[in-house]
Amino acid sequence: MTRRTFRGKVLPAGLTIGPVTLWLVFFVAVPLLYALVMSVCSIDGSYNIVYRFTAENYRRLLDASYMQIYGQSIFIAFLTTIICIVLAYPFSFLIARAAGRKKALLYMLVIIPFWTNSLIRIYGWKTFLGTGGWLNEALLALHVINAPVDFLFTRAATVLGMVYCLFPFMVLPLYTSIEKLDGTLLEASADLGATRAATFARVVLPLTAGGIFSGSIMVFIPCLGYFFVSNILGGGNSDVIGNLIERQFGKGNNWPLGAALSIVLIAITLLLVKLYQRCGGDMESFGA
Amino acid sequence: MEREKVIVELKNVNKVYGGSNHVVRDLNLEVYEGEFLTLLGSSGCGKTTTLRMIAGFEEPTGGTITVEGESVSEKEPFERDVNTVFQSYALFPHMTVFDNVAYGLRMKKTAKGEIKERVMHMLELVQLGGFERRYPSQLSGGQKQRVAIARALINRPKVLLLDEPLGALDLKLRKQMQMELKRLQRKLNITFIYVTHDQEEALTMSDRIAIMNEGVLEQVGTPTEIYEAPATRFVATFIGETNLFEGCVKETSAHHVSVVVESGELRCRAQGFEKGEMVAISVRPERMKYSAEPVEGYSVRARVKETVYVGSVLKAIVVLPNGNEIKIERLAGQKLPPDGEVYIYWDNGDGKLLHLMDQVFYRTIESVKLA
Ligand SMILES: Nc1ncnc2c1ncn2[C@@H]1O[C@H](COP(=O)(O)OP(=O)(O)OP(=O)(O)O)[C@@H](O)[C@H]1O
Ligand SMILES: [Mg+2]
């Protein structure tokens, strides 16, 4: 490791790694620790936090009513991930194989949405899908339907919003892994008598599995937490784990329970990432 | 020798990239069944492009390619009876050596038992027995190369295309692999079309060599023909070393041509040249002779500049009055000219007369001059 210098003097390590360390301590370690502590605290009759150890919060996570929401949330996340893979795969291939301006343009299409707050974009969808929205007007004008249909407040609307929000997170790692794919391998496969479908199944898919996996993690995990999507488009009909957490810190006013939920969610995330590394995945494909 | 069967034929093949980059020009080539044919040429002359057109990875802009008399233009790469050994090996990194070699057979839906038997046999043949469980990343360059060759050969192709297959290996391994490839080719009796820019490799391995220069096929012939009777100035200078005397045809007779060069008048045994044509005489360094006295018919005077000993050969450089340097080579134990003045000459058959201009082009400007 090289030491940083300033005016010819070697700076003390504490000073050079300081900013990053401070950042990590204040914005990652402290909040995490706080959540961890809070998750084992009790509350009194008027929902004030009492610093007395209890495992009650974790036990309550197993309540049947919560279980039903976990199931629903995992289902939505699963569906979203599958749809994202199916849509993003050909799209990423297109970007990876395009050249020059076309490539830049396609790449921009993925990046541009990041420039606007996702909350605003989801409200945009709400206006588009609502009974008085453009979609209904267009369908009425084309006589596809006779009366306005409420597309909002359904599980489908939530999944649509999730796919819309998380699509770029699937494209980026997929694009990275497809870009890395050596084109001569595809030629070699064809040369040895493989049809396009066989080449895809035996060469392309296995060699981009890392990208699919990291993309899936990057879509699946946030999908469990994006409560605003299910709030706005699902209208309480398709709550995800994020809604549960949000409610404990809001209306429910049970912070220790919310903290316990968050800790479990973080633990699942870490577990999935570890699993991914175990399967030989590199962390590089996350950082596209 | 009986007429050999043509297995691959290229007729007027052209390749133009991006509308203006003319990479292969009017290529006509016949490859015979069971032969080892090498495409030789400097970097960027279109060797890989030619090979890729035969394999089906590139579409010719014009002309036809036939394999066993059948046009392959409409066939996808996976439908062609040719296999390729890529310069970069292109082994599938997620498959073991066994699975790599078995790939082609699996695509043909060969029975499991037969696959196993044939893969093992093929691995023995390329001396990789016991490596079948390894992944490409666990192999050395030479071993990867053998896997690539085994993977292509197991399909028993009619023609094997090899694009600088030994390019990435060190000298010693390359020499060894050259021998092994040649042995394999003889044993399996498969037609090899081999691309290289290493002339020594081409001369030692090939039955015939096709020399390309800037997309044009300059000459096709056995190594001896190419070396002893180069057809063009490019071939003469590209293969081995040579001394060139450029000049103009003064007179022609039935079997001889006399040429005026800067240092005098020289006679060559040659036909098919015209009076006034620009020509060059090519004489190999080891055929160059010298004498203390002028020799009848030759009177090129030169001064010995230096003599060097390069292992088994001795080399001398002599300078002509016009400053051109001429190389003379002898095997160790033979004599080189002493310091001072000498007259250089060569046996009548050793000076090869070459056209300097394209014949069509030459006739065109001649007719313009007369008109
Ligand atoms: N896909 C392509 N698009 C445009 N030009 C190309 C393409 N492939 C090759 N070329 C050009 O065609 C010419 C011949 O290339 P080719 O690869 O056939 O040369 P080569 O004889 O194999 O050279 P080397 O010995 O360096 O491999 C080069 O000038 C190259 O830049
Ligand atoms: Mg090449």
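To find a chain, count down the sequence lines: A is the first, B the second, and so on, and within it residues start at 1. The structure presented is a predicted model; accordingly, all values stated were derived computationally and were not measured.
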A/Lys103, NZ atom: more than 12 neighbouring heavy atoms under 6.0 Å: yes
Closest non-hydrogen atom pair between B/Phe86 and A/Glu187, with its separation: CE2-OE1, 3.9 Å
Neighbour count above 12 (heavy atom, 6.0 Å) for B/Arg183 CZ: yes
Shortest non-hydrogen contact between B/Met107 and A/Gly193, atoms and distance: CB-O, 3.8 Å
Top contributor to chain B contacts, counting heavy-atom pairs under 4.5 Å, from A/Leu207, A/Asp182, A/Leu186: A/Leu207
Any side-chain heavy-atom pair of B/Phe92 and A/Arg202 under 4.5 Å: no
Contact class of A/Leu185 relative to chain B, heavy atoms under 4.5 angstrom: both
B/Gln127 CD: over 12 foreign heavy atoms closer than 6.0 Å: yes
Chain A contact via B/Ser88 - side chain, backbone, both or neither, heavy atoms under 4.5 Å: side chain
Pick from B/Met95, B/Glu79, B/Arg80, B/Arg52 with the largest number of heavy-atom pairs that fall under 4.5 Å of chain A: B/Arg52
Atom CZ of A/Phe78: over 12 foreign heavy atoms under 6.0 Å: no
Chain A contact via B/Arg106 - side chain, backbone, both or neither, heavy atoms under 4.5 Å: side chain
Spacing of OG1 belonging to A/Thr184 relative to CZ belonging to B/Phe57, to within rounding of 0.5 Å: 9.5 Å
B/His121 NE2: over 12 foreign heavy atoms closer than 6.0 Å: no
B/Arg186 atom CZ: more than 12 heavy-atom contacts under 6.0 Å: no
Derivation of the side chain to side chain contact (heavy atoms under 4.5 Å, CB included) call for A/Val203 and B/Tyr103: CA-CA 11 Å; A/Val203 180; B/Tyr103 196 86; 3.5 Å; yes
Interchain contact, B/Leu91 with chain A, by part (heavy-atom threshold 4.5 Å): backbone
Side-chain donor/acceptor of B/Asn83 to backbone N/O of A/Asp191, under 3.5 Å: yes
Whether over 12 other heavy atoms sit under 6.0 Å from A/Phe200 CZ: yes
Atom NZ of B/Lys116 with >12 non-hydrogen neighbours under 6.0 angstrom: no
Approximate separation, where rounding is to 0.5 Å, of B/Glu76 CD and A/Arg196 CZ: 4.5 Å
